[in-house]
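Numbers restart at 1 for each chain; the letters A, B, ... are given by sequence-line order, proteins then strands.
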Number of protein chains: 2
Amino acid sequence: MKTFSSGALSVNRKDPAGGRPDTTGGATLIDVAQAARVSLATASRVFSSPHLVRDSTAQRVREAARRLSFRPNLLGSKLRAQQTRMIGVMVPTLENAVFAECWHGIEEAALAGGYSLMLVTSGYDPARECERVEYLLRHRVDGMVLTVADAAHSTVLDQLDGEGVPYVLAYNQAGPRSRRHSVSVDNRRSACAGVEALIAAGHRRIVVVSGAFVASDRARQRFAGYQDAMRAHGLRPAAPVCLPSHTASNAEQIRALVRANDAPTAFFCTNDLLAIGVISDLRRLGLSVPRDISVLGYDGIALGSVVEPPLATVVQPNSEIGASAVGRLLAWLHDGGRASAAPPRVTLLPHALRVNGTVAAPPSM
Amino acid sequence: MKTFSSGALSVNRKDPAGGRPDTTGGATLIDVAQAARVSLATASRVFSSPHLVRDSTAQRVREAARRLSFRPNLLGSKLRAQQTRMIGVMVPTLENAVFAECWHGIEEAALAGGYSLMLVTSGYDPARECERVEYLLRHRVDGMVLTVADAAHSTVLDQLDGEGVPYVLAYNQAGPRSRRHSVSVDNRRSACAGVEALIAAGHRRIVVVSGAFVASDRARQRFAGYQDAMRAHGLRPAAPVCLPSHTASNAEQIRALVRANDAPTAFFCTNDLLAIGVISDLRRLGLSVPRDISVLGYDGIALGSVVEPPLATVVQPNSEIGASAVGRLLAWLHDGGRASAAPPRVTLLPHALRVNGTVAAPPSM
DNA sequence: GTGAAAGCGCTAACAT
DNA sequence: ATGTTAGCGCTTTCAC
């Protein structure tokens, strides 16, 4: 029987004497099994459940694998095992360093956990969000880590919920009543704390500058935090100033603002990139930051510590948010369907305040 | 026979009345075929070669697919077709905006071409480069787009060459004699042009500031360009100043430099991130850029136009480099093995000079 | 501890 | 134009 099974094994292989180099990418498990004179099953076990195999046998198989430069074809195992050990990641863009830093944490955590990654970007566009998620789904990712434009009104999340796809939000902060899983800082409270630091420094006229509100629920939550802080100190919140782009110069709008009679003494920008742009705009208007006007950012990207003066900001642990989101997802995937009741669905990581550099007392004091 | 084959088709499917929801992710092509009363092959053809199928039949199949919310399992096709239509991407880090911008071009081009992506970062570490590439190989990517620390001494590239894996370098510039494919600007000539602009502005004492030289062949090529420019104008090139980190403050080294008797009147930084850090360091030393000293960067990241004054720099078309690298790779993959002799292996994209903002005439003039 | 056999979901000859 | 068949490379019962 042994001779027969040996023969049966080789029946699938193309003729090795076929002339041109094997373009199909090399030895398969079958080849390894043959070379080690064990069955396909045993060879497989050596790599996936070594404890089921006698040590000496395993040695032989590994040796054969090495000799043949065997490289497991993950496609085969993924298809057969009905789980890909892949996680899909969708963020709005990598060009905002927040997400680039987050990716770092995601990659570390995922690869350490034996999972592969598939990245797509949505450009803050809900239509593209759907498209890209469908793409991830076709690749049969086991779960996803995503940052969507607006979690509360997201067709793509509703769809995912409907299909029962495991996912964890990053940066988007699920409401306490939500059934969704999320990892973020407490956007509202941390923003409130940031603005309170501004108030503590003596500022009374503080204005929020934001990107397109509709594109980011975080921006809205941070604005709410600003309102909280202002009201708690008996100050009147001002309407937010929404700038269309992070990178283009928004000098016009800024100019109108600082030229007004009751010009603000401080800006709270809902993200660091925006803050850096605003600071540049202010300089172009001949104003000095923080001497003439203070600027507070939000995100804590590394770049903020590089510029001069260093950007005052509400610091999120970006890399950790990514790693933690992956961790939550893996826990979910591994508990086998029981929707992980143990840890709370909403994870809030601690923020930090960095209030120096671009924030000082208002000029009148 | 029809009845039989219909029955045979359903033999593999689990009992739909089995109680709990189908956890395996929904309908397969077989289900669609059944529902549309066609064979598996025909159903498959509707999606991969519609022209081989009568319109009315195709309509029926598509309708069935819609009704069953059929989602093709890419794993199946990839395994069977012996090509994954996936391309692996490896860059040093996304935290340098250069690569984040590049990713944008890569994603656009790949998805437009019907290819999927798998991203890994190496952190400029050759050991991790090998690890990550092996990971990509196990996923059976059809080809790769990579930026390695040092293309001329890269074990991972040698290995890839040995195995005949199709790949295109991005940013790394293959030598004219090289058999390798690459897409980049001409690092040496563009750097030379940048330094010549400095010289044209009146600078004579120009010093190159770089990250760890060993980590980047681009940095070395750009330094060579600096030497070219200096020599062409009868000036003595100075030794490069190598800073360990992009983001930490390197004030000490900078201080020593600008306090010297023959202090430089201009710095040429081998990348923009570094340049922004150096400018901040100079400000901390009480120097004004560009009034007291000029700074020229290299990369052309979007951030450079945001800061004030805008960063003078040698602009690379980052997104286009990514898109173009993917384009070259797809061409290679599609020409079926003939190592695409038609277009040259080394693609040099045009650079641009942005010489304003942080570059001005030296103070003595 | 090891082997035989049955597929995972799909495509691609090869028939008809 | 459509159907039949044979796997892609792997894991995983079920026997022994």
Under-4.0 Å side-chain N/O to phosphate OP1/OP2 contact, B/S39 with D/dG3
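Yes, because at least one side-chain N or O of B/S39 sits under 4.0 Å from OP1 or OP2 of D/dG3.
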
Under 4.0 Å: is that the gap between some side-chain N or O of A/Q82 and OP1 or OP2 of C/dG9?
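Yes.
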
Quick one: list whatever passes salt bridge (charged side-chain N to carboxylate O under 4.0 Å, His left out) with B/E107, sequence neighbours left out.
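Listed in chain order: A/R132.
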
Taking only the side-chain heavy atoms of A/T28 (C-beta and beyond), determine which of D/dC10, D/dT2, C/dG9 contains the nearest atom.
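Nearest to the side chain of A/T28 among the choices is D/dC10.
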
What are the residues of residues 54-68 of chain A, sorted by number, that bring a heavy atom to within less than 4.0 Å of DNA chain C?
A/R54, A/T57

Set of side chain to side chain contact (heavy atoms under 4.5 Å, CB included) partners for B/L136, sequence neighbours left out
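Applying side chain to side chain contact (heavy atoms under 4.5 Å, CB included) to B/L136 gives B/M118, B/V120, B/V141, B/M144.
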
Residues passing the side chain to side chain contact (heavy atoms under 4.5 Å, CB included) test with B/S324, sequence neighbours excluded, are B/V183, B/R328, B/T347, B/L349

Pair up each side-chain donor or acceptor in residues 50-67 of chain A with any protein partner under 3.5 Å, not counting sequence neighbours, and list the distances.
residue : atom : partner : partner atom : Å
A/R60   : NE   : A/A36   : O            : 3.1
A/R60   : NH2  : A/A36   : O            : 2.9
A/E63   : OE1  : A/R66   : NH2          : 3.3
A/E63   : OE2  : A/R66   : NH2          : 3.3

With B for base contact, S for sugar-phosphate-only contact and - for none (protein heavy atoms under 4.0 Å), nucleotides 11-16 of chain D reads BBB---

Once ring pair (Phe, Tyr, Trp, His ring centres under 6.0 Å) is applied, do any residues pair with A/H104, and if so which ones, sequence neighbours excluded?
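Partners of A/H104 under the ring pair (Phe, Tyr, Trp, His ring centres under 6.0 Å) test: none.
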
Could you give the angle between the helix axes at the two ends of the helix from C/dG1-D/dC16 to C/dT16-D/dA1, with five pairs per end, rounded to 10 degrees?
30°

Using the test side chain to side chain donor-acceptor pair (under 3.5 Å), find all partners of A/E108 that sit at least two apart in sequence or belong to another chain.
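Here the qualifying residues are B/R128.
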
Output all residues satisfying side chain to side chain donor-acceptor pair (under 3.5 Å) with B/N172, sequence neighbours left out; order by chain, then residue number.
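Side chain to side chain donor-acceptor pair (under 3.5 Å) check on B/N172 returns B/R218.
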
Looking just at side-chain N and O atoms, do B/T84 and B/H139 make a donor-acceptor pair shorter than 3.5 Å?
no

Show me the pairs that pass salt bridge (charged side-chain N to carboxylate O under 4.0 Å, His left out) and involve residues 80-93 of chain B, at least two apart or across chains.
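Residue pairs with at least one partner in residues 80-93 of chain B: there are none.
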
Show me the donor-acceptor pairs within less than 3.5 Å that the side chains of residues 160-169 of chain A make with the rest of the protein, sequence neighbours left out.
residue : atom : partner : partner atom : Å
A/D161  : OD1  : A/Y167  : OH           : 2.7
A/D161  : OD2  : A/R180  : NE           : 3.0
A/D161  : OD2  : A/R180  : NH2          : 3.1
A/E163  : OE1  : B/R71   : NH2          : 2.3
A/E163  : OE2  : A/Q159  : NE2          : 3.1
A/E163  : OE2  : B/R71   : NH2          : 3.3
A/Y167  : OH   : A/R180  : NE           : 3.0

